[in-house]
Amino acid sequence: MYRYDEFDHAFVQERVAEFRDQVARRLSGELTEDQFKPLRLMNGVYLQLHAYMLRIAIPYGTLSSRQLRRLAHIGRVYDRDFGHFTTRQNLQFNWIRLEDVPKILEELAEVEMHAIQTSGNCIRNVTADHFAGAAADEVADPRPYAEILRQWSSLHPEFSFLPRKFKVAVTAAPHDRAAVQVHDIGLHLKMNEKGDRGFAVWVGGGQGRTPMVAKKVRDFLPEANLLAYCEAILRVYNLEGRRDNKYKARIKILVHEMGEAEITRAVEAEFATLQGKALTVSAPEVDRIARYFALPDLKALPAVSEAYEAAKRVDPALALFAKRNVHPHKVPGYGILTISLKPIGAPPGDATSDQMGAIADLAERYSADELRVSHEQNLVLPHVKLDDIPVVFAQLQKIGLGSANAGFVTDIIACPGLDFCSLANARSIPVAQRLSERFADIDRQVDIGDLKIKISGCINACGHHHVGHIGILGVDRKGEEFYQITLGGSGDETCSIGEIVGPGFSSDGIVDAVETVIETYLKLRASADEPFLATYRRLGQEPFKEALYVR
Amino acid sequence: MVKAAKPFRPVVATANDLRSGAVVYRDRDGKWSKHASLAEIANTQDAADRLLALARADHDANIVVEPVLIEVDGGKPATLRERIRDTGPTIVLPGPPV
Amino acid sequence: MSDDVFRDGAFHAETWSFPKDDEKLPPSGPVAVGKARFLIEIQALRSRNGEIGVVLTPGESLDGIVDHLDRITLVALRFTRYSDGRPYSIARILRDRYDYKGELRATGDVLRDQVKFLLRAGFDTLDVAHAGTREALRSGAVVAMTHHYQPASAETSEGRTSTAPWRRVSS
């Protein structure tokens, strides 16, 4: 994975010093809260319901054991002994003292981490396929490009005061695990006939109040032009994006209002003035960065592990874990192992400091010291020998993280909601917990199959409800929590925005309503192999609506 | 926040401590306490206006941030949001109890 | 407007005048006007004895201005709020696309935390009203980044690194 050189170290150290100065000026009263707020947000410090919240960047979701241990340590010393992995592959602590933030940033800098641009109206932490660098189906590792984008976007002199936040995602596999079509810029790395690398460029996707699927503005942008093209998009957005209404300030609205043809024309015109200059991504530079992301030295192994196969035959729990939580690796004899942070009844995405420490040990011993964070709020051990999966599974069970539910109905995404977030209108986590408990029976989960439930506590959609097969949006109705159901959303390459099925449900009624939707699916599916989304797309909303509202 | 159209209901002033971010309430002595139960309750619109002005002055003096008045019911914050701010998340937190 | 501007690490006396839209142009000396007046009175501006400047507010484009850039020696871009970042793009377009060499001034809500961004986007003078920022600039107390992952506009003094063509080191 990427290692800081002297330049990178100097950069984060300077940023820590700069922020320490800003905090000191705030505490001394030289900076007012109004002046300080955009500065603290650009460094990931929010004021949430209970205290300051610090959001730490995990660039493209890649972590080392040492980094995860440091996060565990920060949780222990400065917070309440646990952290929350978010839908943007970041980590949040909820009870941070402003006075402590410079010290925490210093501790992060020591392990090559930071909180730069995890909030604010700037280019946010770049996300990537959480199986990147290991997945059998990727054309190449997209993370070198994500790292190049991370560097380019860090404290950019032109794009630090955009109309609104700006999110970039990168993937390199035909199956899109990074939801690139619901990002401000989505980049899909591919290879042309000549074997050159380039990107399909998607612009103007996003969730929030006005969900939109991105438009493809380039089918194949040569890698050399990656930064110049992004710079062109950002410049058009910085100049033309709306600043009169924060709900209309994202680039998706600009794309919508200008139209696909006009925005493409404007971007291409700007790009024409930028290409071939200082931002050209040269092949040697790509190679230099890519070397950091070289596959670890994985010993060649037989594609089939006899020990693993034998263990699965005698242990049905392991067999299920293997089926759900182990994904094909590009190297024979290895697997990509998903650690579900969704034990039955637990808050999605939370891990205690002890769990983080134990997971770091597992990564060090069994996964070439590497980890990933998924936007689905799980952790990933990307390089596990198939031979080792039984022992890793056993170790995970010991720390309560052996759930074989990846992609199942209980693998729920949920934002922090009203339990933590000052923007939320309703709680998300308790709904996730009750749903998880309702569907706890593993046989029932197996029967239901692939099903993504995503819950947001407000219209900002941090819980990605718009792209949930079943989406749940919490709203406040005269002081009462209500939950609206959307159906048929998907964040993958078949991207679609879920449709609101009808009036919302009370907190007491929402779990039953979801169960009704799922029971309806089970009755209507063409076969046990037809997943929920396929059934919904085949039949549309009507049968579900009828089941929910016509008695 | 208090809306003019509604009949007046008792309010207290709440904010976050600038340094720690902790949820605090303004008490009768003009100090900011972590306990909603110690908060000074304003029972009239005039008292509410006065309390908010004092809270804002403490904001301007860089003691607290985001000061607002919130309605109380039987001395306790009236809305779910404010109850959660007062007593913490409604879920069992991971890890050992604090 | 202040009666001095910050340039090259020090405050210097203001030499430009900024007549209001309904005020007559002074007979001589450097004078800067808003975009609308500039476009209407370009002939008058050109025929008088004195340098010509133009002041743009956020949202005003360079349309109509670029044709006259060879006669303009001051472009002042106003920040109504420091969080409105449009002037940064205008500045870079002026420097990088149109190769504008004259004075490029940031005016309005200019604070110390944005100084490095401004200089790197191509601004060379700052009209600073904020007392704390003035003091920090005067005493050299501004804590700012010197390592950058992007080339600056109008960069003359920034160092380069052996790797990564876009990395820069400023003083």
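Just so we're on the same page: letters track the sequence lines, and every chain starts at 1.
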If only atom types and distance count, is the side chain of A:Glu285 paired as donor or acceptor with the main-chain N or O of C:Pro165 below 3.5 Å?
no

Which atoms of C:Asp109 come close to chain A, meaning under 4.5 Å heavy atom to heavy atom: side chain ones, backbone ones, both, or neither?
neither

Quick one: does C:Val143's side chain get under 4.5 Å of A:Arg25's, heavy atoms only?
no

Validation row: C:Ile90, A:Leu239 side chains within 4.5 angstrom (heavy atoms):
yes

Qualifying side-chain hydrogen bond (donor to acceptor under 3.5 Å, both in side chains) pairs with a residue from residues 29-39 of chain C, counting only residues at least two apart or across chains:
C:Lys35-C:Ser61, C:Arg37-C:Glu41

Between A:Asn121, A:Asn238, A:Ile289, A:Thr273, which has the largest tally of heavy atom pairs under 4.5 Å with chain C?
A:Asn238

To the nearest 0.5 angstrom, please state how far the CD atom of C:Gln150 sits from the CG atom of A:Leu279.
8.5 Å

Which portion of A:Ser160 sits near chain C, non-hydrogen atoms under 4.5 angstrom
side chain

Largest heavy-atom contact set with chain C, pairs under 4.5 Å, which of A:Ile148, A:Asp8, A:Leu162, A:Leu234:
A:Asp8

Does any heavy atom of chain A fall under 4.5 Å from the side chain of C:Arg86, the backbone, both, or neither of them?
both

Does A:Asp244 have more than 12 heavy atoms from other residues, nucleotides or ligands lying within 6.0 Å of its CG?
yes

Hey, is NZ on A:Lys246 packed in by over 12 heavy atoms from elsewhere, all under 6.0 Å?
no

Indicate yes or no: does C:Arg112 engage A:Glu30 in a salt bridge with an N to O separation below 4.0 Å.
yes

Around atom CD of C:Glu23, are there more than 12 heavy atoms from other residues, nucleotides or ligands closer than 6.0 Å?
yes

Residue among C:Ala144, C:Ala164, C:Pro151 with most heavy-atom pairs under 4.5 Å to chain A:
C:Ala164

Distance-minimising heavy-atom pair for A:Phe11 and C:His147:
CD1-O, 3.2 Å

Under 6.0 Å between ring centres: does that hold for A:Phe159 and C:Tyr88?
no

Parallel under 30°, tilted from 30 to 60°, perpendicular over 60°: which one fits the rings of A:Phe161 and C:Phe117?
perpendicular

Any side-chain heavy-atom pair from A:Gln151 and C:Arg167 closer than 4.5 angstrom?
yes

Per-residue contact mode, C:Thr161 against chain A (heavy atom under 4.5 angstrom)
side chain

Does OH in A:Tyr292 sit with more than 12 non-hydrogen atoms of other residues, nucleotides or ligands closer than 6.0 Å?
yes

Residue A:Arg15 versus chain C: region with a heavy atom under 4.5 Å:
both

Residue, of A:Arg235, A:Arg243, A:Gln35, A:Glu18, that accumulates the most heavy atom pairs under 4.5 Å with chain C:
A:Arg243

Below 4.5 Å from any heavy atom of chain C, which atoms of A:Gln22 appear? Answer side chain, backbone, both or neither.
side chain

Report the residues that fulfil side-chain hydrogen bond (donor to acceptor under 3.5 Å, both in side chains) with A:Asn225, sequence neighbours left out, ordered by chain and then residue number.
none

Ignoring hydrogens, what is the shortest heavy-atom contact between A:Pro38 and C:Tyr82? Give both atom names and the distance.
CG-OH, 3.1 Å

Testing the basics here: between A:Phe7 and C:His148, what is the closest heavy-atom pair and its distance to 0.1 Å?
CZ-O, 3.1 Å

Side chain, backbone, both or neither of A:Glu158 within contact of chain C (heavy atoms, under 4.5 Å)
both

For A:Gln13, is it the side chain, the backbone, both, or neither that has a heavy atom closer than 4.5 Å to a heavy atom of chain C?
neither

So, do C:Gln114 and A:Leu39 sit near enough that their side-chain heavy atoms are less than 4.5 Å apart?
yes

Given heavy-atom pairs under 4.5 angstrom as the criterion, report whether the side chain, backbone, both or neither of A:Leu31 touches chain C.
side chain

Sort out for me which residue in C:Met145, C:Arg92, C:Lys116 forms a side-chain contact (heavy atoms from CB on, under 4.5 Å) with A:Pro157.
C:Arg92

